[in-house]
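Let me begin by presenting the structure, written as structure tokens, before commenting on it.
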Amino acid sequence: MKEIKTISCIGAGYVGGPTMAVIALKNPNIRVNVVDINPDKIKQWNSDNMDDLPVYEPGLSDIVRQVRGKNLFFSTDIEKAIDEAEMIFISVNTPTKTYGVGKGMAADLKYVELCARQIAEVAKSDKIVVEKSTLPVRTASSIKRILSEQNKGLNYSVLSNPEFLAEGTAINDLLEADRILIGGEQNDSGKKAIEALVSIYAAWLPSERILTTNVWSSELSKLTANAFLAQRISSINAISALCEVTEADVDEVARAVGMDSRIGPKFLKSSVGFGGSCFQKDILNLVYLCRYYGLNEAADYWEQVIILNDYQKDRFAKKMVQSMFNTVSGKKIALLGWAFKKDTNDTRESAAIYVADKLMDEQAEIHVYDPKVKKARMMDDLNYLKTRTPEENEQLLTFENDPYEAVREAHAIAIITEWDEFKTLDWQKIYKLMKKPAFVFDGRNILDFKDLRKIGFEVSAIGKN
Ligand SMILES: NC(=O)c1ccc[n+]([C@@H]2O[C@H](COP(=O)([O-])OP(=O)(O)OC[C@H]3O[C@@H](n4cnc5c(N)ncnc54)[C@H](O)[C@@H]3O)[C@@H](O)[C@H]2O)c1
């Protein structure tokens, strides 16, 4: 395999953008092209105003400023990017299918397949094709088949290199990765391809953190890792429901349990439920795969993680309504946070969407403040549900630029995202601005509920009394 001089990445989203920025930073002698079919997104990546970047991640704009135009380039010219590169990452979205066989469960691979077809058509030289997107186990064989179909006498190696970054900490996760996983074919050209990709990451990571496996283990490890992470959240959330009726405190239980070195303290924070583009879709995909292979007990086991997460969101919204005398019609309710977690502008599958929708069903007037999410995104999220017309959504949801305006005259506040700035708000002032009784529903357990009660708030926190 030739020396890698140019890498191209198809898909300039939450994974493609930050990952390639870091690869470019750490490999100054390699040209990195990031391409996307969405011209608006590419325009944003090329914007001089760093606030316009389509992805918000702490530390990302600094890196883009350093390498963009030097060895990192954003463009819509996919064919040129394919032609130029020895190594091509596929980093396009793989959402849950919304039609046909596997609807609501299986991963929709149409975007990945389109990339493979385009590479097969355009390529004039050997290519290493890297699956960066999260894919069902055995996808690499379909990609290889599509690539080889053109019979141009070219050599293609397909590698699986799933991404483990978490939004909100993506740059740190990339710079200090726990591990890099590279799966490849166990033959000569497969091994050379693995070596080529290892050398890219070895530019900044020690070799013991770069793990190489066969392709199928690598593909399946990504789904498994996300299923295990989500399972921990659903596990503690199941316990949070029990805490509320038994006067146990979920944070105390989590601490006691997490100090067992076999269990560990991370990912044991109870909340209104996990969101994000990955956990739900990847578990559904895992459930689908288990069922496909006739492993129904294994499928049921993993499906329960999703069922519990839906239960938690529903439980939170119901508790809000019940606490407010079973009626929220015409009441102003402030939602603090719309992003699915702090330090990101991503709202996919955010619990906020679900909670707002439930409260709007009850004709509550929702006022949302989020430091990074724009109004159009919120409206798109609600309209996508098709529960109401866009006009009705406009009437019931008000976008706020200032948290104190969001809470003025409100009957209740629901904290949906754990943004740090919510902890330092002036809660005395907020109490004065609100209608009484003033309710706070802390969906992330970020506030000291005893302090809030001293001020006069009625407080309800997940897994606490
Ligand atoms: N977001 C995460 O935290 C995360 C973490 C690890 C892995 N992943 C996985 O990485 C993949 C990408 O996720 P994402 O969050 O970056 O998605 P995204 O939606 O943010 O980005 C995907 C991009 O691909 C582009 N695209 C789609 N089809 C294309 C085509 N044929 N040609 C060119 N561009 C095309 C889209 O326009 C979009 O900009 C998914 O498989 C996801 O499961 C995501």
Side-chain angles (χ1 to χ4, degrees), residues 8-22 33-45 53-57 60 74-82 85 88-97 106-122 129-137 139 143 146 160-174 177-181 218-219 221-227 229-230 274-286 339-341 343-350 377 380:
S8 292
C9 173
I10 310 180
Y14 282 89
V15 167
T19 311
M20 291 303 129
V22 169
N33 302 312
V34 188
V35 287
D36 203 288
I37 32 167
N38 181 339
D40 293 337
K41 201 171 263 191
I42 292 300
K43 208 168 146 199
Q44 283 178 289
W45 278 115
L53 295 187
V55 172
Y56 171 73
E57 277 294 337
L60 174 64
F74 293 96
S75 146
T76 50
D77 196 341
I78 301 173
E79 296 199 353
K80 182 162 172 265
I82 293 171
I88 301 167
F89 285 75
I90 299 181
S91 194
V92 299
N93 35 330
T94 48
T96 305
K97 264 186 99 174
D108 192 342
L109 299 181
K110 70 177 172 209
Y111 306 107
V112 172
E113 184 173 331
L114 269 171
C115 292
R117 286 184 186 280
Q118 202 168 5
I119 294 169
E121 242 178 76
V122 173
V129 176
V130 184
E131 298 175 345
K132 191 46 122 176
S133 298
T134 303
L135 296 168
V137 55
T139 306
I143 294 183
I146 292 167
S160 160
N161 173 221
E163 185 48 60
F164 292 102
L165 67 78
E167 287 177 32
T169 51
I171 297 302
N172 194 52
D173 294 345
L174 288 161
D178 286 344
R179 79 324 205 165
I180 295 293
L181 181 57
S218 172
E219 287 178 334
S221 297
K222 174 63 192 176
L223 292 185
T224 309
N226 272 355
L229 290 170
F274 59 75
S277 65
C278 292
F279 283 174
Q280 176 162 311
K281 107 177 147 56
D282 292 350
I283 294 177
L284 288 172
N285 189 358
L286 189 65
F340 84 93
K341 66 192 286 202
D343 292 337
T344 177
N345 59 349
D346 194 351
T347 66
R348 290 176 289 183
E349 299 294 337
S350 175
R377 178 74 266 152
D380 283 351

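For ligands, and for the atoms within them, numbers begin at 1 and follow the listed sequence. One-based numbering along the sequence shown. Side-chain atoms are counted along with the backbone in the values below, which use heavy atoms only and exclude waters and symmetry mates.
In this structure, of Val34, Val92, Ile10, Val15, the residue bringing a heavy atom nearest to atom 11 (C) of ligand 1 is Val92. For the residues Ala116, Gly11, Gly13, Ala225, the heavy atom positioned nearest atom 21 (O) of ligand 1 is part of Gly13. With Asp36, Ile90, Asp282 as candidates, the residue nearest to atom 25 (C) of ligand 1 on a non-hydrogen basis is Asp36. Within the set Ile37, Asn285, Thr94, Asp40, the minimum heavy-atom distance to atom 41 (O) of ligand 1 is found for Thr94.
Counting protein heavy atoms only, atom 27 (C) of ligand 1 is closest to Asn93 OD1, 3.2 Å. Nearest protein neighbour of atom 31 (N) of ligand 1, counting heavy atoms only, is Cys115 SG, 3.9 Å. At the shortest separation from atom 1 (N) of ligand 1 among protein heavy atoms lies Glu167 OE2, 2.6 Å.
If you number the atoms of ligand 1 from 1 as listed, the ones under 4.0 Å from a heavy atom of Lys41 come out as 38 (C), 39 (O). The ligand atoms of ligand 1 that sit less than 4.0 angstrom from a heavy atom of Ile78 are 32 (N), 33 (C). The distance from ligand 1 to the heavy atoms of Ser277 drops below 4.0 Å at these ligand atoms: 1 (N). Every atom of ligand 1 with a heavy atom of Lys222 under 4.0 Å away is listed here by number and element: 6 (C). Remark: ligand 1 atoms within the under-4.0 Å shell around heavy atoms of Ser91 are 12 (C), 22 (C).
Using bins of under 30°, 30° to 60° and over 60° for the plane-to-plane angle, the ring pair Phe279/Phe274 lands in the perpendicular bin.
Geometrically, ligand 1 and Tyr14 share a nitrogen or oxygen pair separated by less than 3.5 Å. Ligand 1 has an N or O atom lying under 3.5 Å from an N or O atom of Thr134, backbone or side chain. Considering backbone and side-chain N/O atoms, Lys281 comes within less than 3.5 Å of an N/O atom of ligand 1. The distance criterion of under 3.5 Å between nitrogen or oxygen atoms is met by Arg348 with respect to ligand 1. Between Glu163 and ligand 1, a contact under 3.5 Å exists for no N or O pair. Taking any N or O of Gln118, backbone or side chain, none lies under 3.5 Å from an N or O belonging to ligand 1.
Comment: Arg117 does not engage Glu121 in a salt bridge, judged by the lack of any side-chain N to carboxylate O separation of less than 4.0 angstrom. A salt bridge between Arg348 and Glu167 is present, with a side-chain N of the basic residue lying under 4.0 Å from a carboxylate O of the acidic one.
The two atoms that bring Ser133 and Val92 nearest to each other are OG-O, 2.6 Å, heavy atoms only.
Between the side chains of Asn93 and Tyr14, no donor-acceptor pair is found at a separation under 3.5 Å.
A side-chain donor-acceptor contact under 3.5 Å links Glu57 to the backbone of Gly168.
Between Leu174 and Glu163, some side-chain heavy-atom pair lies under the 4.5 Å cut-off.
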